[in-house]
Number of protein chains: 2
Amino acid sequence: MVNQAQKSDAAVQIFKALADPIRLAIIQYLNQLDHEVACGEVGRAMHISKTSGSYHFKILQEAGLITVNKVGREKYVQLDRSTFDHYLTHFWQNL
Amino acid sequence: MVNQAQKSDAAVQIFKALADPIRLAIIQYLNQLDHEVACGEVGRAMHISKTSGSYHFKILQEAGLITVNKVGREKYVQLDRSTFDHYLTHFWQNL
DNA sequence: TACATAGTTCAAAGGTTTTTGAACTATTAA
DNA sequence: TTAATAGTTCAAAAACCTTTGAACTATGTA
């Protein structure tokens, strides 16, 4: 079992990942589509550079907010709703 | 009515306010007590300086996560649960 | 093979957030 | 009036986050 400090570290990481307008827009976009999409397609929809996209997807993945599926040279991402449920929807239960 | 950009600005502000270990500990503390507490008392419980406390309470207040009630020379704070409900518990409905 | 495409990595630059201590205001109590 | 207490403000420093472009790896296609 993880201790209190580790629990709040994870929460801080998730809230940091959510605390950015680009990443929130990505989440919104992935939520609407509700299926796997290639990073490149999301990046183009957000009007951001490849490098910036790569940076933001890494932060979302490390926070556990998206899952990643590499197929050929493309990386398909989608929301990991269980993480949102744990830290947002059930915030008070898991605080 | 606010537009989409304003909505996500507010969300970013709330997630930034949550994205800090001290502020998350303050929220945890206020949640357990579940009543007004003076800033000074919270600050002492968190082992932070007056200045640091003042800084963090300001961020929590500006995000709408706490309400403030000044009585004499003391400032009593408590959680504003409606903001947590809106941005966390009902995250998907308000995205 | 050669070329194109998807995505990563790196370091530098710029921007933002947090901590610090000293000086401050406002209120209370002796 | 004097001293103590609660909290704020300020500027400087330190720490941290984000963007940028160039160079890179890996894969797919002609």
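Quick caveat, the model's predicted, so the values are computed rather than measured. Just so we're on the same page: letters track the sequence lines, and every chain starts at 1. Computed from heavy atoms alone, side chains included, the values below leave out hydrogens, waters and symmetry copies.
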- Query: Are any side-chain N or O atoms of A:Thr83 and backbone N or O atoms of A:Gly64, one a donor and one an acceptor, separated by less than 3.5 Å?
  - Reply: yes

- Measure the OG-NE2 distance between A:Ser82 and A:His90 for me, rounded to the nearest 0.5 Å. 11.5 Å

- For A:Asn94 against A:His86, the heavy-atom pair lying closest together: OD1-O, 3.0 Å

- Note on the structure: B:Asp20 CG to C:dT19 C1', in whole Å, measures 11 Å

- Note on the structure: Readout for nucleotides 24-30 of chain D: B = base within 4.0 Å of protein heavy atom, S = sugar-phosphate only, - = neither; 5' to 3' it is ---BS--

- Position toward the 5' end of DNA chain D (nearest nucleotide), B:Phe57 or A:Tyr55: B:Phe57

- Message: So B:Ile59, base contact, sugar-phosphate only, or nothing? Heavy-atom distance under 4.0 Å.
- Response: sugar-phosphate

- Item | Touch class at under 4.0 angstrom, heavy-atom based, for A:Arg44 against every strand present | nothing

- Query: So, the side chain of B:Gln13 versus the backbone of B:Glu62: is there a donor-acceptor pair under 3.5 Å, distance only?
  - Reply: yes

- Rounded to the nearest angstrom, tell me the gap between atom CD in B:Glu41 and atom C1' in D:dT5. 15 Å

- Assert: residue with more 5' nearest nucleotide on DNA chain D, out of A:Lys16 and B:Cys39, is B:Cys39

- Query: Rounding to a whole Å, what distance do you find between B:Gln61:CD and D:dT8:P?
  - Reply: 9 Å

- Just checking B:Ile22: base, sugar-phosphate only, or nothing, at a heavy-atom cut-off of under 4.0 Å? sugar-phosphate

- Message: Any side-chain to backbone donor/acceptor pair from A:Arg23 onto A:Ala17? Under 3.5 Å, distance only.
- Response: yes

- side chain to side chain contact (heavy atoms under 4.5 Å, CB included) test vs B:Phe15 passes for just one of A:Ile14, A:Leu88, A:Asp20, namely A:Leu88

